[in-house]
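Data block below; observations after.
Side chains included, hydrogens not; waters and symmetry mates left out as well; all remaining heavy atoms used. We name chains A, B, ... by the order of the sequence lines, and we start the count at 1 in each one.
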Amino acid sequence: MEYNFSEIEKKWQRFWAEKKSFKAEIDHNKPKFYVLDMFPYPSGAGLHVGHPLGYIASDIYSRYKRQKGFNVLHPMGYDAYGLPAEQYAIQTGKHPEKTTGENILRYREQMDKIGFSYDWDREVKTCDPFYYKWTQWTFIQLFNSWYNKKTNKAENIDLLIREFVTNGNKNIDAACDETETFTADEWNQMSENQQQKILMNFRLAYLSDTYVNWCPGLGTVPANDEVREGFSIRGGFPVERKLMRQWSLRITAYSQRLLDGLDKIDWSDSIKEIQRNWIGRSNGALINFPIEKESANKDYIKVFTTRADTIFGATFIVLAPEHELVDKLTIAENKEQISAYIKKAKNRSERERMAEVNTITGVFTGSYAINPISHEKMPIWIADYVLYGYGTGAIMAVPAHDSRDYLFAGHFNVPIREVVSGGDISKESYDAKEGILINSGFINGMNVEDANNAVIDKVEDLGIGTRKVNYRLRDAIFSRQRYWGEPFPVYYKDGMPYVLDESDLPLELPEIDSYLPTTNGEPPLAGAKEWKTKDGYQIETSTMPGFAGSSAYYLRYMDPWNDSEYFSKEANNYWRNVDLYIGGSEHATGHLIYSRFWNKFLFDIGLCCEDEPYKKLINQGMIQGRSSIAYMIKGNNKFVSYNLKNDYDTIPVHVDINMVENDILDIDAFKKWHSDYKNASFVLEEGKYICGVEIEKMSKSLHNVQNPDELIEKYGADTLRLYEMFLGPLEQSKPWNTLGIEGVFRFIKKLWRLYHDDNNKFFVSDDEPTKKELKVLHKTIKKVQEDIERFSFNTVVSALMICVNELSELKCNKRIILNDLAILLSSYAPHIAEELWQLSGHKECLSYTSFPKFREEYIKENTITYPVSFNGKMRFKIELAVDLSNQEIEKAVLTTQDAQKWLEGKDPKKVIIVPKKIINIVI
RNA sequence: GCCCAGGUGGUGGAAUUGGUAGACACGUUGGACUUAAAAUCCAAUGACCAUUGCGGUCGUGCGGGUUCAAGUCCCGCCCUGGGUACCA
């Protein structure tokens, strides 16, 4: 029989689906193993070859683990809410639910062809009311919770209210917004509205005013990547930052726990480092700087600093343009200049403000503060390099010891005073935390650390500041002015938000006429006719962001069809958390931090039993697109081949990569591709049109999306799976190309021939295998096992190739060898492996067969070939018995002719022998 | 700007703990089989020098350093990719 991959693959895919081979069920007799992929956003371009990269790796691991005796949970679903579907809806009027549904079907169809061992009975979609009921439910729990710093966990808001009723808030230590102290009496006399306002300071899901990108021209809030240089990419309208009342999640309450949790999970150091930096813990102090002004001597500027030791070098104060004291501090004659500056600065994105380190801008308010330690007068400036969202939005600037302050001071001629010795401040600031304090009053002569503590102690004694641990992490803005997201289970009464009753969930999205914001700039849901509770209260018109549905989906997979609870205790206690999570590193500071937070909250309220969701994380690299470029001569419907383009003035045009093979353009296809090019003409080289190449993101708009379908059609899923792994290390980014896929296909065919005779008839022999054959097999078992376990998926393919090459050379067709080979291969190329397994007479499915056991004795050697180096350079090899002592090795080597030649009669200075590795002779 | 990752033949990559650089493939060249093609098989293939043969020198982005030994460790730099809080 010929190797007919399309029939074989269809056959086994049908078999696994019908038999539900990969259905996972709780089984207390087996250890569990949970393998999760980051579920995809189903875009209109379909699944491209970058998606399955991680899915194939996780599938290999899942199949391998099953063969190692684990009960594997391996589910898949869809992150179905998102901007592109909404954008498409705005353009076409087509309901996002419809497009999303179509895209999901396409994704599923594509995934089915790759032969994944998912338990499809657990498929979830975040936009399915059956699923998002629990997203909304979680929001209600967040709303009804506060963070008690004393117990260090989230607690029910009722406990807090009870405390307020009996004792006021004096004993409360909570992660909350600033709240004035009140007594029980005061609390009890407040109106409901006042009480609710105070509770809002404590809730883990709360309303507050935050800045958003506001684009009046579009009447909407564009995402950061929809804005470039202050203008919307779509339409080019100006974008300003505007305060808007929005939901936030108090993730900052969990800063320390998010940081500490990193120590007990098996993630790469780099991604942990990214999260540590993102959380950004710093030890410092809050210090109040009084304002020099007769009328308002009570006012002060609160500053956060990590370098209290440098306070004698603080020569000015800088406020963020958004700072609430800016207005008060601006003297009349500076008003105009300052409001112009603020207007400009506010509309720059934070990224711009941080990135543009060389353009120094700022304005002087005209007011002064007093340094509370040195009692010096300090000018108060406003500059946009100080960010409102970090610390207190105000800094004491120490130009001698902070590079940004240094540049600023240099630019505006503010004095620079050295207070820590060790640098040369005439050239640059000295930022290092080493050195001896000078020019610094009572801390002169101290080192940085002691001085820092001394100043903070003093500040605390004086009652003008406190020691403070600050985190860079900010609360997560949780509202989106969009249609296509989970509705908030919230309604408004007298302007105060209340959550729906849990029995009213799910709250489903209403139909609307237009997906655009309303004419007065409200979110699309404001245009819905019946967006009110049965009592007539207005329901929240924002929707939840993308991370809402993806933050705890791993839990829902454990028990996806439970309608009475999120998931059962039983399921959670068995599956616990994810043992292996595979996905892109671009989620490092988004999904992967929100998800950990969300999970810790569910842990606090007793819902899940593990406080970290993902034990082991692997970040797959991004598959970049390889775009093909044609060069159109300006003002002419004429295209010039790549190597001739320099003779013309050209515009690059992205052409669909499906019309290009080995960089040669199919001109007929190109003409048919787009009506504009129907009559195009071409300047060729050697009769061909050669395209240029660009490596960039794989995206529909760049026409460089490679879908897996065509490759499966041509080579089969097994070859695709092997090839994607063979491309290189999973974690590395790499451009996609199909140049090497032929080699993998040849390997598969060569493997097939091992099990067949010259007439293509299945034939394996029952003879005893030879020593050599056993050695080849066991060498491979060892390598495959070790490499899969360390997630080195690409080298396994090489090992299998070497094995097949060597067995072919030995003309091995022994059943004992080939049976094990089929199992070794089966996690990578499951279809052909199952087929060969069945042809060998096995009745049961290969997927649950045990992985072959490695036996050391088959690969043992009596001799070892040593490379012999002279001064570190390899010169020749020598075969020696394994059990020689170092002295015997040295003697054996030095007496060889080869060694004599390289010694040139001299005595070696030193002979280094690393047993079983290398011999190095120093001359 | 800041944080993270990466840079090895013509190409994808291998070298797991500092120990033979280039495994395994692709491509290319030559050959076998064939009327021919496809498929398959065999051989060569880092660069340079030398060549009848034996050989030799250089070489892992660049510049330094540590070591008997550096792709791997340290210092400085260059380039590419990702993230930078409303893309998912």
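Set against B:C86, B:C3, B:A14, the side chain of A:Pro729 has B:A14 as its closest nucleotide. Nearest nucleotide to the A:Ile802 side chain, out of B:C86, B:A23, B:G13: B:A23. Comparing B:C86, B:C26, B:A5 against the side chain of A:Leu739 picks out B:C26 as the nearest. Comparing B:G83, B:G19, B:C4 against the side chain of A:Ser270 picks out B:C4 as the nearest. Counting only heavy atoms from C-beta on, A:Leu473 has its side chain closest to B:A85 among B:A85, B:C4, B:G13. Listed nucleotides: B:G81, B:C58, B:U20. Nearest to the side chain of A:Ser733: B:G81. Looking at the side chain of A:Met874, the nearest of the listed nucleotides B:C68, B:C86, B:U20 is B:U20. Ranking B:C87, B:C24, B:C86 by closeness to the A:Leu83 side chain, first place goes to B:C87. Side-chain atoms of A:Arg753 lie closest to B:C41 of the nucleotides B:A85, B:C86, B:C41. Of all nucleotides listed (B:C4, B:C86, B:C68), B:C4 comes nearest to the side chain of A:Glu273.
Judged by Watson-Crick or G-U wobble contacts below 3.5 Å, the nucleotide B:U45 has B:G27 as its partner. Pair assignment for B:U20: none, as no Watson-Crick or G-U wobble contacts are both less than 3.5 Å. Pairing for B:A15 is absent, with no Watson-Crick or G-U wobble pair whose two atom distances lie under 3.5 Å. When Watson-Crick and G-U wobble pairs are counted only if both distances are under 3.5 Å, B:C77 pairs with B:G61. Pairing of B:C2, defined by two Watson-Crick or G-U wobble distances under 3.5 Å, is identified with B:G83. Nucleotide B:A69 is matched to nothing when pairs are restricted to Watson-Crick or G-U wobble geometry with both distances under 3.5 angstrom. Searching all strands for a Watson-Crick or G-U wobble partner of B:A32 with both distances below 3.5 Å returns B:U40.
A side-chain donor-acceptor contact under 3.5 Å links A:Gln275 to the backbone of A:Ala588. Side chain of A:Ser542 to main chain of A:Ser479: no donor-acceptor pair is present (N/O by atom type, distance under 3.5 Å, no hydrogens or angles). For A:Lys917 (side chain) and A:Pro867 (main-chain N/O), no donor-acceptor pair under 3.5 Å exists by modelled atom type. When atom types are taken as modelled, the side chain of A:Lys272 and the backbone of A:Leu262 share a donor-acceptor pair closer than 3.5 angstrom.
Nucleotide B:G12 holds its P atom 8 Å from the CG atom of A:Asn737, rounded to whole Å. When rounded to the nearest whole Å, the span between CG of A:Asn760 and P of B:U40 equals 13 Å. What separates NZ of A:Lys873 from C1' of B:C68 is a distance of 14 Å, to the nearest Å. A:Ile623 has its CD1 atom 11 Å from the C1' atom of B:G12, to the nearest Å. The distance between atom CD of A:Gln620 and atom C1' of B:G83, rounded to the nearest whole Å, is 16 Å. Atom NZ of A:Lys877 is separated from atom P of B:U20 by 10 Å (rounded to the nearest Å). Atoms NZ (A:Lys917) and C1' (B:A15) sit 12 Å apart, rounded to a whole Å.
The base of B:U11 has none of its N or O atoms less than 3.5 Å from a complementary donor or acceptor on the side chain of A:Lys734.
Put simply, A:Arg480 has a side-chain N or O that comes within less than 4.0 Å of OP1 or OP2 on B:C86.
Annotated as anti: B:G46, whose glycosidic dihedral deviates from 0 by more than 90°.
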request  = Please lay out, stage by stage, how A:Glu786 and A:Arg790 fare under the test salt bridge (charged side-chain N to carboxylate O under 4.0 Å, His left out).
outcome  = CA-CA 6 Å; A:Glu786 283 176 0; A:Arg790 68 187 175 102; over 6 Å; no
query = When you look at A:Tyr553 and A:Thr126, which way does the side-chain contact (heavy atoms from CB on, under 4.5 Å) test go after all the steps?
reply = CA-CA 8 Å; A:Tyr553 69 117; A:Thr126 55; 5.6 Å; no
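Heavy atoms of A:Gln481 sit under 4.0 angstrom from at least one base atom.
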